[in-house]
Number of protein chains: 2
Amino acid sequence: MALEHALLVALREQPASGLDLARRFGRSIGFFWSATHQQIYKVLGRMESDGWVEATEVSQSGKPDKKVYDVTPAGRAALAAWLAEPTPTHALRSDLAVKMRGASFGDREAVLDVVRANLADHHVRLDHYRQLMKRDYPDGSGALAGLDLDQYLVLRGGILTEETWVAWLTEYLEAHA
Amino acid sequence: MALEHALLVALREQPASGLDLARRFGRSIGFFWSATHQQIYKVLGRMESDGWVEATEVSQSGKPDKKVYDVTPAGRAALAAWLAEPTPTHALRSDLAVKMRGASFGDREAVLDVVRANLADHHVRLDHYRQLMKRDYPDGSGALAGLDLDQYLVLRGGILTEETWVAWLTEYLEAHA
DNA sequence: ATTATCATGTAACCAGTTACATGATTAT
DNA sequence: ATAATCATGTAACTGGTTACATGATAAT
């Protein structure tokens with residue numbers, strides 16, 4: 001499991017409430033890791049029991065109170081230990097790849113439509129990432145270091161990944177044109 | 001859920017027993033979809049109850065009997081229906097990406113070692129896929145069509161994916177050199 | 001009052017993993 | 001007999017999803 005650790009990274013970057021985290025996971029961080037607010041609340045609760053994070057009630061003007069979580073020293077230690085662990089390489093698990101491979105067992109034109117829809121979606125994501133890149137790193141990786149550099153490089157990974165999807169699905173569609 | 005459908009595709013390509021499937025999922029198909037034999041048996045049982053597949057006892061010389069599964073007309077219909085469904089685009093969910101982003105909250109050199117280990121693994125996979133490509137499609141996509149073409153294109157996707165991992169991790173390591 | 005949004009959760013379920021169990025067959 | 005391999009499973013658990021619940025605050 002790694003949602004715990006993804007949350008620790010997010011909270012070290014910036015303390016936040018459960019809903020804040022859910023929103024962030026729907027944006028920058030979440031392009032590489034997704035989580036619903038339900039799952040986040042559940043895991044935050046466990047992490048609080050384990051002493052990895054602690055919550056502070058914060059009153060807001062015009063909105064209900066929220067519980068802002070921050071990482072404790074124990075949480076920092078847990079994160080540091082996890083970061084140093086080896087991570088097994090996971091197989092890419094893609095419904096779409098299964099459909100592409102099995103297209104001859106159904107209506108091929110329907111599968112091509114599914115692929116076209118996914119291609120359009122990956123184009124949108126790629127454009128979005130490129131805009132983020134332009135907005136947040138107009139000078140490239142130039143003078144970046146530490147967390148800034150790491151955030152830049154992970155965004156680079158997102159762009160490379162989306163470019164690959166676009167290239168692959170385009171190749172598939174052209175081969176079946 | 002899609003293991004059901006991945007199994008249907010695999011069984012339409014070639015009827016097989018649970019263990020046969022587990023072995024295939026550890027090889028060609030499994031580079032894009034993984035499953036253990038336990039999970040496969042469980043799902044095959046459910047699929048048999050649902051009338052999607054049927055088993056035939058096959059006696060082997062020198063080995064225990066096995067149950068070879070084949071897809072029923074109902075299973076074919078279920079597969080065709082699933083193939084035509086849209087598939088949501090899933091966020092890439094990668095422990096390694098989280099570690100790369102969070103490296104400044106731990107021992108950076110340790111994280112770089114983790115990245116190096118993963119890079120080596122992706123090199124191995126890439127070499128393996130390229131050998132498969134050379135062995136099974138020495139003439140490129142030339143005269144391929146139908147299932148053959150789809151299998152080729154999915155292997156192409158595996159190669160593109162691994163090339164992307166290699167490029168990304170290399171870029172990360174160089175940026176931190 | 002009603003609706004919309006913000007915020008935090010609970011409950012039931014589902015897919016997949018890990019650990020363990022069982023029996024057949026073959027080789028030593 | 002013993003060990004190795006082939007083959008099929010069960011049980012307990014974990015992580016994640018989906019559906020639903022509850023209350024605060026603001027705008028109309």
Side-chain angles (χ1 to χ4, degrees), chain A residues 1-8 11 15-26 30 32-50 53-69 82 87-95 98, chain B residues 1-8 11 15-26 29-30 32-50 52-69 82 87-95 98:
Chain A
M1 211 245 302
L3 179 55
E4 262 100 337
H5 303 102
L7 291 174
L8 285 175
L11 290 175
S17 70
L19 206 56
D20 290 338
L21 287 166
R23 276 191 280 253
R24 275 206 252 159
F25 272 69
F32 312 100
W33 199 275
S34 73
T36 60
H37 75 272
Q38 292 94 328
Q39 179 70 1
I40 288 171
Y41 283 122
K42 208 194 303 184
V43 172
L44 277 177
R46 186 169 57 222
M47 290 167 75
E48 197 176 12
S49 308
D50 293 346
V53 298
E54 57 190 7
T56 318
E57 286 275 335
V58 173
S59 39
Q60 308 177 95
S61 63
K63 291 180 202 168
D65 294 358
K66 63 179 177 178
K67 284 161 72 178
V68 172
Y69 288 89
W82 176 77
T87 48
T89 314
H90 48 280
L92 132 78
R93 176 165 292 205
S94 163
D95 280 31
V98 175
Chain B
M1 209 243 304
L3 179 54
E4 261 100 336
H5 303 103
L7 290 175
L8 285 174
L11 290 175
S17 71
L19 206 57
D20 291 338
L21 287 166
R23 276 191 280 253
R24 276 207 252 158
F25 272 68
I29 299 178
F32 313 99
W33 200 273
S34 72
T36 60
H37 75 273
Q38 293 93 329
Q39 178 70 1
I40 288 171
Y41 283 123
K42 207 193 303 184
V43 172
L44 277 176
R46 185 168 59 222
M47 291 166 76
E48 197 176 12
S49 308
D50 293 346
W52 287 12
V53 296
E54 57 190 7
T56 317
E57 286 275 335
V58 172
S59 40
Q60 308 178 95
S61 63
K63 291 179 199 166
D65 295 357
K66 64 178 178 179
K67 284 160 72 178
V68 172
Y69 288 89
W82 176 76
T87 48
T89 313
H90 48 280
L92 133 78
R93 177 166 292 204
S94 163
D95 280 32
V98 176

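Sequence lines set the chain letters: A, B, ... in the order given, protein chains first and strands last, and positions in each chain run from 1.
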Polar atom pairs between nucleotides 17-20 of chain D and protein, under 3.5 Å, N or O only, would you list them?
from: D/dT17; atom 1: O4; to: A/Lys42; atom 2: NZ; distance (Å): 3.0
from: D/dA19; atom 1: N6; to: A/Gln38; atom 2: NE2; distance (Å): 3.0

Using whole Å, report how far [atom1] of [X] lies from [atom2] of [N].
X: A/Leu44; N: C/dT8; atom1: CG; atom2: C1'; value: 11 Å
X: B/Lys66; N: C/dT25; atom1: NZ; atom2: P; value: 15 Å
X: B/Trp33; N: C/dG16; atom1: CH2; atom2: C1'; value: 11 Å
X: A/Leu19; N: C/dC6; atom1: CG; atom2: P; value: 8 Å
X: A/Lys67; N: D/dG23; atom1: NZ; atom2: P; value: 16 Å
X: B/Glu57; N: C/dA24; atom1: CD; atom2: P; value: 13 Å
X: B/Ile40; N: C/dT17; atom1: CD1; atom2: C1'; value: 13 Å
X: B/Asp95; N: D/dG16; atom1: CG; atom2: P; value: 10 Å

Check: OP1, OP2 of D/dA7 versus side-chain N and O of B/Arg23: anything below 4.0 Å?
Finding: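 B/Arg23 to D/dA7 OP1/OP2: side-chain N or O found under 4.0 Å.
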What N/O pairs connect the protein and nucleotides 24-28 of chain D at under 3.5 Å? Give each pair on its own line.
from: D/dT25; atom 1: O3'; to: A/Gly62; atom 2: O; distance (Å): 3.1
from: D/dA26; atom 1: OP1; to: A/Gly62; atom 2: N; distance (Å): 2.7

Notebook entry, point to check: Is there side-chain contact between B/Ile40 and B/Leu19, with at least one heavy-atom pair below 4.5 Å?
Noted result: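 In short, these two side chains do not touch, never coming nearer than 4.5 Å.
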Check: So do B/Leu8 and B/Val53 actually touch side chain to side chain, heavy atoms under 4.5 Å?
Finding: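 A side-chain contact under 4.5 Å exists here.
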Next item on the list: Please assess A/Leu3 against A/Trp33 for the test side-chain contact (heavy atoms from CB on, under 4.5 Å), listing each intermediate value before the final yes or no.
Entry: CA-CA 8 Å; A/Leu3 179 55; A/Trp33 199 275; 3.8 Å; yes
Next item on the list: Return the set of residues passing side chain to side chain donor-acceptor pair (under 3.5 Å) with A/Ser94 (not counting sequence neighbours), or none when no residue passes.
Entry: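 Counting only residues at least two positions away or on another chain, A/Ser94 forms no side chain to side chain donor-acceptor pair (under 3.5 Å).
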Next item on the list: Go through the structure and list residues passing side chain to side chain donor-acceptor pair (under 3.5 Å) with A/Arg23, not counting sequence neighbours.
Entry: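 Listed in chain order: nothing, the list is empty.
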Next item on the list: List in chain and number order the residues that pass side chain to side chain contact (heavy atoms under 4.5 Å, CB included) with B/Thr36, two or more places apart in sequence or in another chain; answer none if no residue qualifies.
Entry: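 By the side chain to side chain contact (heavy atoms under 4.5 Å, CB included) rule, B/Thr36 matches B/Gln38, B/Gln39.
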Next item on the list: Look at the side chain of A/Tyr41 and decide which nucleotide, out of C/dG9, C/dG16, D/dT8, has an atom nearest to it.
Entry: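 Nearest to the side chain of A/Tyr41 among the choices is C/dG9.
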Notebook entry, point to check: Quick one: CD on B/Glu4 to CG on B/Asp50, what's the gap to the nearest 0.5 Å?
Noted result: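 Spacing of CD (B/Glu4) from CG (B/Asp50) equals 7.5 Å.
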Next item on the list: Kindly state each residue pair satisfying salt bridge (charged side-chain N to carboxylate O under 4.0 Å, His left out) with at least one member in residues 57-69 of chain B, sequence neighbours excluded.
Entry: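 Pairs touching residues 57-69 of chain B that pass the test: B/Asp20-B/Lys66.
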Check: Parallel, tilted or perpendicular: which describes the rings of B/Trp82 and B/His5, with under 30° parallel and over 60° perpendicular?
Finding: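 If you compare the ring of B/Trp82 with that of B/His5, the planes turn out parallel.
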